**Student:** 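Please see the structure below; I have some questions.
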Amino acid sequence: MERPIKRDFKRPTHINDYPVGPQYEAGFLAETNASWRTFRPVIDLDKCINCLICYMVCPDGTIMKREGKVAVDYDYCKGCGVCAHECPKDAIAMIKEEL
Ligand code: SF4
Ligand code: SF4
């Protein structure tokens with residue numbers, strides 16, 4: 001699966017370097033989400049039946065299969081909990097982040 005590309009933030013040095021609107025060029029993420037997430041989804045693979053409902057409902061597309069098992073890309077997961085809410089087997093627990 002193709003992943004978003006993270007691009008390092010280049011501090012503008014001239015007024016012309018600033019974007020005209022609030023949008024950012026498609027296909028790039030300026031920063032990962034991990035620093036501001038308060039809860040992270042943790043998948044219990046013993047309960048998981050590989051239905052991939054979590055994959056379909058994740059608004060950020062951060063659930064994938066890694067070596068045949070469902071996994072979360074924590075660099076881009078925002079911790080919204082939709083996957084945990086929709087999992088039919090209660091296989092996803094939202095665990096508070098520890099800093
Ligand atoms: S929704 Fe739950 S059971 Fe289905 S693949 Fe995701 S974690 Fe596994
Ligand atoms: S917590 Fe939200 S962003 Fe993270 S994997 Fe689940 S649905 Fe996706």
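Positions are given from 1, in the same order as the sequence printed here. Ligands are counted one by one from 1 in listed order, and the atoms in each one are counted from 1 as well. The shown structure was predicted, so the numbers you read here are calculated from the model rather than taken from an experiment. Reckoned from all heavy atoms, side chains included, excluding hydrogens, waters and symmetry mates.
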**Student:** Quick check on contacts: which atoms of ligand 2 are under 4.0 angstrom from a heavy atom of Gly79?
**Tutor:**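 This gives 1 (S), 4 (Fe) as the contact atoms.
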**Student:** Strictly under 2.8 Å, is any N, O or S atom of Cys51 next to atom 8 (Fe) of ligand 1?
**Tutor:** no
**Student:** Considering only heavy atoms from C-beta outward, does the side chain of Tyr74 approach that of Arg40 to under 4.5 Å?
**Tutor:** yes
**Student:** Any side-chain heavy-atom pair from Ile53 and Cys87 closer than 4.5 angstrom?
**Tutor:** no
**Student:** List every atom of ligand 1 that sits less than 4.0 Å from any heavy atom of Ile92, numbering the atoms from 1 in the order shown and giving each element.
**Tutor:**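 Once the distances to Ile92 are compared, the set is 7 (S).
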**Student:** Provide, to 0.1 Å, the distance between atom 5 (S) of ligand 2 and the closest protein heavy atom, together with that atom's residue and name.
**Tutor:**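 Result: Thr62 OG1, 3.3 Å.
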**Student:** Can you tell which of Ala84, Cys58, Cys87, Cys54 gets a heavy atom nearest to atom 8 (Fe) of ligand 2?
**Tutor:** Cys58
**Student:** Please examine the side chains of Asp60 and Lys78, heavy atoms only from C-beta on, and report whether any two atoms are closer than 4.5 Å.
**Tutor:**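 Yes, at least one pair of side-chain atoms sits under 4.5 Å.
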**Student:** Looking at side-chain heavy atoms only, is the closest gap between Cys58 and Val82 below 4.5 Å?
**Tutor:** no
**Student:** Take Val72 and Ile43 through the test side chain to side chain contact (heavy atoms under 4.5 Å, CB included) and record every step on the way to the result.
**Tutor:** CA-CA 8 Å; Val72 178; Ile43 301 173; 3.9 Å; yes
**Student:** Is Ile63 touching ligand 1 with its side chain, its backbone, both, or neither, if touching means heavy atoms under 4.0 Å apart?
**Tutor:**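 Under 4.0 Å from ligand 1, Ile63 contributes no heavy atoms.
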**Student:** Could you check atom 4 (Fe) of ligand 2 against the protein and tell me its nearest heavy-atom contact, residue, atom and distance included?
**Tutor:** Cys77 SG, 2.3 Å
**Student:** Hey, any chance Ile63 and Ile49 share a hydrophobic cluster, counting ILVMFWY side chains that come within less than 4.5 Å of each other, even indirectly?
**Tutor:** no
**Student:** Any atoms of ligand 1 less than 4.0 Å from a non-hydrogen atom of Pro88? List them with their elements.
**Tutor:**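 By the 4.0 Å cutoff, the relevant atoms are 1 (S).
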**Student:** Can you tell which part of Cys83 has a heavy atom less than 4.0 Å from ligand 1: side chain, backbone, both or neither?
**Tutor:**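 Under 4.0 Å from ligand 1, Cys83 contributes no heavy atoms.
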**Student:** In Å and rounded to the nearest 0.5 Å, what is the CG to CZ distance from Asp73 to Arg66?
**Tutor:** 7.0 Å
**Student:** Hey, is atom 6 (Fe) of ligand 2 within less than 2.8 Å of some N/O/S atom on Cys80?
**Tutor:** no
**Student:** When you measure from atom 3 (S) of ligand 1 to every protein heavy atom, which one gives the shortest distance, and what is it?
**Tutor:**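 Answer, as residue, atom name and distance: Ile49 N, 3.4 Å.
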**Student:** Taking the side chain as everything from C-beta on, heavy atoms only, tell me whether Asn50 gets closer than 4.5 Å to Val70.
**Tutor:**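 Result yes, sub-4.5 Å side-chain heavy-atom pair found.
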**Student:** Just which atoms of ligand 2 are under 4.0 Å from any heavy atom in Pro59?
**Tutor:**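 Near Pro59, the atoms of ligand 2 are 7 (S).
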**Student:** Looking only at heavy atoms, what is the nearest atom pair of Ala91 and Cys48, with distance?
**Tutor:** CB-N, 3.9 Å
**Student:** Using a 4.0 Å cut-off to any heavy atom of Leu52, which atoms of ligand 1 qualify?
**Tutor:**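 The list of qualifying atoms is 4 (Fe), 5 (S).
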